[in-house]
Amino acid sequence: MSGIVIVGAGQAGASLAAKLRALGYAGSLTLIGEESAPPYQRPPLSKGYLLGEMELERLYLRAPTIREEQNETLRLGAKVTAIDPAARTLSVDGETIGYDKLALTTGSVPRRLPAAIGGALGGVYTVRTLADVDAMAPEFRQGRRLLVIGGGYIGLEAAAVAAKLGLEVTLVEMAPRILQRVASPETSAWFRNVHGDHGVKILEGTGLERLLGEDRVSAARLSDGTELAVDFVIVGVGIAPATELAEAAGLAIDNGIRTDEQGRTSDPSIWAAGDCASFPYRGGRLRLESVGNAIDQAEVVAENMLGAAKPYEAKPWFWSDQYDVKLQIAGLNTGYDRIVTRRGEGDAVSFWYYQGDRLLALDAMNDSRAYMVGKRLIEMGKSPDPAAVENPATDLKALLKA
């Protein structure tokens, strides 16, 4: 076997394979994934799928018939254990296969609690794979007690699902506020209030000392000495890029697999895209954990594997669904020094991040109009007058023409 091989059958890997065929690549194309399920969407796992509102088949990214029509070899439940860049071969479950060009779309892995503080007990879950969510789904029964560790988006989404299903939910966040790493105090306060209105108890500035139990978790001791009886625990303390395979192969690592602006690694025959890859961005380096980046970066890498020599220009955007709230985020807020609040219709609100006079990003809650205009402004490099943004009488679309 030779041709192009893609290791990692998530969003980035599936997008890269589809783009190669769309661009007319007719050679051998192999997509290798460790999970037994075909490529699927991850965001709905902690939202609609966990709630039981989305069927399994709707998670899948492409129908099997399309993959067959495009002559794409999909190897599922297969683990790549080593890469030999000199020989251009992979070790896959004891078999050696060759490649002409290789793409690593290995994604990321959830950070877990150490076994020394109870992280290996039964009833302790992370939210990353289909198998993770299928394993925890039977725990979501009305009246049961859930402890969520971590006040990022994954933890808050899991808490929202549990509260909607009638569970008793406590969320602990070691930082002074939820979403501290990714959002403004205004956004944190907004979501704290939403969760409080749905009965979720949020403990900020509170860490976990350890989980208690014999074979299965039964309680948690917090950093302030409080002990909580729990039926199960969800750990949402972040993810790390899956770089072990690349690192063992001698590829450069820099907050992920280091790539150039075209997505090429330190080996000229190996490329990387998605959660696992870091790339040049505005004089520094960036690694984005989002569906949008996984798709866009993978498609540019596909073009470059076929010789396009096209730089990847990231346009960050994200979203989160909690209860009846749709949060949409555009841009990156790093370095902001001012928040401008715009009130929309009903409960709609958006927080606009400025650095001096420059618009960096915005968080829009139930305000798709503000999000779409803000996203376009950021991508166009335009920064409207903050006073105009704040004024509810301002026609947002007019800002695009100013």
Novice: State whether R369 and E345 are salt-bridged, where the test is any N-O pair (Lys NZ or Arg NE/NH1/NH2 against Asp/Glu carboxylate O) under 4.0 Å.
Specialist: no
Novice: I'd like to know whether CD of E244 has more than 12 heavy-atom contacts from other residues, nucleotides or ligands below 6.0 angstrom.
Specialist: no
Novice: Tell me whether E173 contacts the main-chain N or O of G151 through its side chain, where contact means a donor paired with an acceptor under 3.5 Å.
Specialist: yes
Novice: How about CZ on R285, more than 12 heavy atoms from neighbouring residues, nucleotides or ligands closer than 6.0 Å, or not?
Specialist: yes
Novice: Please check this pair: side chain of T105 against backbone of G8, looking for a donor-acceptor N/O pair closer than 3.5 Å.
Specialist: yes
Novice: Does R216 come within less than 4.0 Å of E139, counting only side-chain N to carboxylate O?
Specialist: yes
Novice: Is any side-chain N of the basic residue among E227 and R221 closer than 4.0 Å to the acidic one's carboxylate O?
Specialist: yes
Novice: Rounded to the nearest 0.5 Å, what separates atom CZ in R112 from atom CZ in R128?
Specialist: 11.0 Å
Novice: Answer yes or no: does atom CG of D395 have more than 12 heavy-atom neighbours from other residues, nucleotides or ligands under 6.0 Å?
Specialist: yes
Novice: Would you please test L45 and Y40 for side-chain contact (heavy atoms from CB on, under 4.5 Å) and show each step?
Specialist: CA-CA 10 Å; L45 292 178; Y40 59 87; 3.8 Å; yes
Novice: Looking only at side-chain N and O atoms, does T187 offer a donor or acceptor that is under 3.5 Å from a partner on D363?
Specialist: yes
Novice: Would you give the length of the straight line joining atom CE of M305 to atom CD1 of I270, rounded to the nearest 0.5 angstrom?
Specialist: 9.5 Å
Novice: With respect to S188, which candidate in R177, Q180, E204 satisfies the side-chain hydrogen bond (donor to acceptor under 3.5 Å, both in side chains) definition?
Specialist: R177
Novice: Establish, from distance only, whether the side-chain atoms of D224 and T226 form a donor-acceptor pair under 3.5 Å.
Specialist: yes
Novice: Apply side-chain contact (heavy atoms from CB on, under 4.5 Å) to Y371 and S350, showing your working.
Specialist: CA-CA 8 Å; Y371 166 73; S350 54; over 6 Å; no
Novice: Counting only heavy atoms not in D197, do more than 12 fall under 6.0 Å of its CG?
Specialist: yes
Novice: May I ask you to check whether over 12 heavy atoms, not counting those of R376, lie within 6.0 Å of atom CZ?
Specialist: no
Novice: Do Y354 and N333 have side-chain N/O donor and acceptor atoms under 3.5 Å apart?
Specialist: no
Novice: Check whether the side chains of Q322 and H198 place a donor and an acceptor atom closer than 3.5 Å, and report yes or no.
Specialist: no
Novice: So, K79 and D93, do they make that salt bridge, N to O below 4.0 Å?
Specialist: no
Novice: Is the shortest heavy-atom distance from the side chain of V230 to the side chain of R144 under 4.5 Å?
Specialist: no
Novice: To the nearest 0.5 Å, tell me how far L31 CG sits from L20 CG.
Specialist: 10.5 Å
Novice: Is W352 close to I339 at the side-chain level, that is, under 4.5 Å between some pair of heavy atoms?
Specialist: no
Novice: Is K315 salt-bridged to E313, going by a charged N under 4.0 Å from an acidic O?
Specialist: no
Novice: Not counting sequence neighbours, which residues clear ring-ring contact (aromatic ring centres under 6.0 Å, His included) with Y125? List them please.
Specialist: none
Novice: Using 30° and 60° as the class limits, which term best fits the ring planes of Y281 and F279: parallel, tilted or perpendicular?
Specialist: perpendicular
Novice: Give, for atom CG of L306 and atom CG of L23, the distance between the pair rounded to the nearest 0.5 Å.
Specialist: 6.0 Å
Novice: Counting the benzene-type ring for Trp, do Y153 and F318 have ring centres under 6.0 Å apart?
Specialist: no
Novice: Rounded to the nearest 0.5 Å, what separation is found between the CG atom of N293 and the CG atom of L286?
Specialist: 7.5 Å
Novice: Using a 6.0 Å cut-off, check whether atom CD of E303 has over 12 heavy atoms from anything other than its own residue.
Specialist: yes
Novice: Can you tell whether the side chains of D321 and K47 come within less than 4.0 Å, N to carboxylate O?
Specialist: no
Novice: So with a 6.0 Å cut-off around CE of M174, is the heavy-atom count from everything else above 12?
Specialist: no
Novice: Keeping the roles fixed (side chain from E289, backbone from D275), state whether a donor-acceptor pair exists under 3.5 Å.
Specialist: no
Novice: Looking just at side-chain N and O atoms, do S15 and Q11 make a donor-acceptor pair shorter than 3.5 Å?
Specialist: yes
Novice: With a 4.5 Å cut-off on side-chain heavy atoms, are T259 and W271 touching?
Specialist: no
Novice: State, with a plain yes or no, whether a side-chain heavy atom of T30 is found less than 4.5 Å away from one of I6.
Specialist: no
Novice: Quick one: does any side-chain atom of S320 pair with a main-chain N or O of L327 as donor and acceptor, under 3.5 Å?
Specialist: no
Novice: Are side-chain heavy atoms of L156 and L171 found at a separation under 4.5 Å?
Specialist: yes
Novice: If you define the side chain from C-beta out and look only at heavy atoms, does anything of D296 sit under 4.5 Å from Y312?
Specialist: yes
Novice: Evaluate the criterion side-chain contact (heavy atoms from CB on, under 4.5 Å) for residue pair R42 and T129; output intermediate values, then yes/no.
Specialist: CA-CA 7 Å; R42 292 192 193 278; T129 68; 4.0 Å; yes
Novice: Look up atom CG in L211 and atom CD1 in I149, then write down how far apart they are to the nearest 0.5 Å.
Specialist: 5.0 Å
Novice: Is it the case that the side chain of D84 and the backbone of R88 share a donor-acceptor pair, with hydrogens and angles ignored and the cut-off at 3.5 Å?
Specialist: no
Novice: Test side-chain contact (heavy atoms from CB on, under 4.5 Å) on Q328 and W317 and set out the steps.
Specialist: CA-CA 8 Å; Q328 294 170 289; W317 59 274; over 6 Å; no
Novice: Look only at the side chain of N193 and the backbone of A189, and say whether a donor-acceptor pair between them is shorter than 3.5 Å.
Specialist: yes
Novice: So, E72 and R21, do they make that salt bridge, N to O below 4.0 Å?
Specialist: no
